[in-house]
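All figures in this text were calculated on a predicted structure; none of them were measured in a lab. Letters go in sequence order (proteins before strands), and every chain restarts at 1.
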2 protein chains.
Amino acid sequence: MEIISVGNELLIGKVLNTNAQWMSKRATALGITVKRVTVVPDIVEETARAIREALRRKPQFIITTGGLGPTFDDKTLESIAKALKRRLEINPEALEMVKEKCRIYAAKRGHELLELTAPRTKMATIPENATPIRNPSGTAPAVRIDLEETTLIALPGVPREMEAIFEETILPLLKEASCGTVFYERSLFVGDVMESVLAPLIDMTMQNNPGIYIKSHPGSDENQPQIELHFSTTSNNKKSAQAKLQKAVAQLSGFITKNSGKVHPAINLNLGNPEGSTT
Amino acid sequence: MEIISVGNELLIGKVLNTNAQWMSKRATALGITVKRVTVVPDIVEETARAIREALRRKPQFIITTGGLGPTFDDKTLESIAKALKRRLEINPEALEMVKEKCRIYAAKRGHELLELTAPRTKMATIPENATPIRNPSGTAPAVRIDLEETTLIALPGVPREMEAIFEETILPLLKEASCGTVFYERSLFVGDVMESVLAPLIDMTMQNNPGIYIKSHPGSDENQPQIELHFSTTSNNKKSAQAKLQKAVAQLSGFITKNSGKVHPAINLNLGNPEGSTT
């Protein structure tokens, strides 16, 4: 899976890309590997280029966020149309979704019925042969396009809307694609030992524990060096995954203690996997 | 400028990409445009591919973060060497930097002098014809490579180290490249008006105010819709930039009030530009 985040606000550092992290966490928990995140500006050529490049890498899913709204700089669907050489057209189903949201908005505020202005129609103007996806939390529908090797999905950039559509429509898709594989992880915190001392110990532990990936994360305080060792694996067997993690954690802990490092108790993590916990 | 963030921890959603945001903010404040951020895993082929793709887009700067440490999965310099078809070699200057850090570490803890083990030598093993950059806050030196159209810089992923090297060595480089241009911005918060109503008003204001970019950001609460309107421009004349921003803000505020929207006072922002404030 690849994520393409569209928005100048990300590239000027105004907004932190929490959408990409949120989706990565959810997808990883479901056993889907996120291979790349690309952030591009609100420029049709740049977004279209990033989409074409991503398609050439043939991921099973490409999910874009941002650029589906009514304003001039919401250009993601135009960019997708350009990348795929498809025309944009008013999709009747999408238009009905937008109309319904306008009805609800008007009723809530006691306004008269809202006109179907150009900016509103824009949100229902999507590439041909695309399927609009219901937005339970905002106006602009999301869009799904099934291509030969990739399912391309365009989600809104407002986190609340992106998350609501993801949970309702994208999550079941990813779950089906991952065939029951789940991501398991544990963390071990160690002190009084340099990362360069840990390096060969990590190598040894990984060689002895196939399927377990170990990554070291130095802490942020140089004077109190504490390092997080993050163990992970994907599996469709919870018991065996946890046993394998436990064995690797115990082995590396032993190596570190022998090298006079301090080991704090391991922490079980659960990356938001709704199916169960790794504890 | 492009940023390439290297690290599985970003793609599994374990870590939020605050490094990319921090650098984007600093570069933008200096008038440098960040055109793309790419996040790739700790896999040589993937990182090398992202570097080659970025080089083809010919940005003035490519800055990578992450993957300079002593462990097996710190592969950024190997990836750069592969992308540029250069050999890796032990750089004497880089080796001296690593040795010095080991001396300091040993002295602090009353250890004996630390051996120059393979993981430590690894941090001084950089592509040929590259320049090591002092790391004031950690062990692994950063690396600079001047190519025909692009300056490629590899920074560590630990935020404290990345920031220290950026401030000491990268910032002066970017400043020189931007020739005194600075980024200015203001925000206006509006309520009781839908984004689809704002869209044509924003268009009109942008047409009347060349050089001013306006982007609307819907708030996160659907029931209390408040929208942030973000005005920005780059200029090497502070006074004129601020006057232009002020004119655009006043004009759009007028349009919105006429459309029975509520306008809250404009907020002056300053994107961490050390040269002065935009207030």
Heavy-atom cut-off 4.5 Å, strictly under: side chain, backbone, both or neither for [X] against chain A?
X      : answer
B/T18  : both
B/M194 : both
B/E53  : side chain
B/L16  : both

Below 4.5 Å, heavy atoms only, C-beta onward: do [X] and [Y] meet side chain to side chain?
X      : Y     : result
A/I12  : B/K25 : no
A/V37  : B/L11 : yes
A/E228 : B/K14 : yes

Output, in order, the C-alpha distance, side-chain angles, deciding distance and verdict of side chain to side chain contact (heavy atoms under 4.5 Å, CB included) for B/H230 and A/E9. CA-CA 9 Å; B/H230 181 256; A/E9 68 278 16; over 6 Å; no

Do you know which of [options] has the most heavy-atom pairs with chain A at a distance under 4.5 angstrom?
options                : result
B/M206, B/E161, B/M123 : B/M206
B/A20, B/G69, B/P70    : B/P70
B/V197, B/N8, B/I4     : B/N8

Please find the pair of heavy atoms, one from A/S216 and one from B/T71, that lie closest to each other, and give the distance.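 What the structure gives for the nearest pair is OG-CG2, 3.3 Å.
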
Minimum heavy-atom separation for A/D73 to B/I214, with atom names? OD2-O, 4.1 Å

Strictly below 4.0 Å, N to O, side chains only: are B/R57 and A/E46 in salt-bridge contact? no

With a 4.5 Å cut-off on heavy-atom pairs, point out which of [options] contacts chain B the most.
options                      : answer
A/S196, A/G7, A/P200, A/G157 : A/S196
A/V15, A/T33, A/T117, A/N17  : A/V15
A/S5, A/A118, A/A199         : A/A199
A/L198, A/V40, A/D42, A/L10  : A/D42

Check the pair B/R36 / A/T38 against side chain to side chain contact (heavy atoms under 4.5 Å, CB included), numbers first and verdict last. CA-CA 7 Å; B/R36 194 186 278 225; A/T38 307; 3.5 Å; yes

Given heavy-atom pairs under 4.5 angstrom as the criterion, report whether the side chain, backbone, both or neither of [X] touches chain B.
X      : answer
A/A50  : both
A/I32  : neither
A/K35  : backbone
A/D203 : side chain
A/I202 : side chain

Start with the C-alpha distance between B/E195 and A/R120, add both sets of side-chain angles, then the distance that settles salt bridge (charged side-chain N to carboxylate O under 4.0 Å, His left out), and finish with yes or no. CA-CA 9 Å; B/E195 219 188 350; A/R120 289 188 185 120; over 6 Å; no

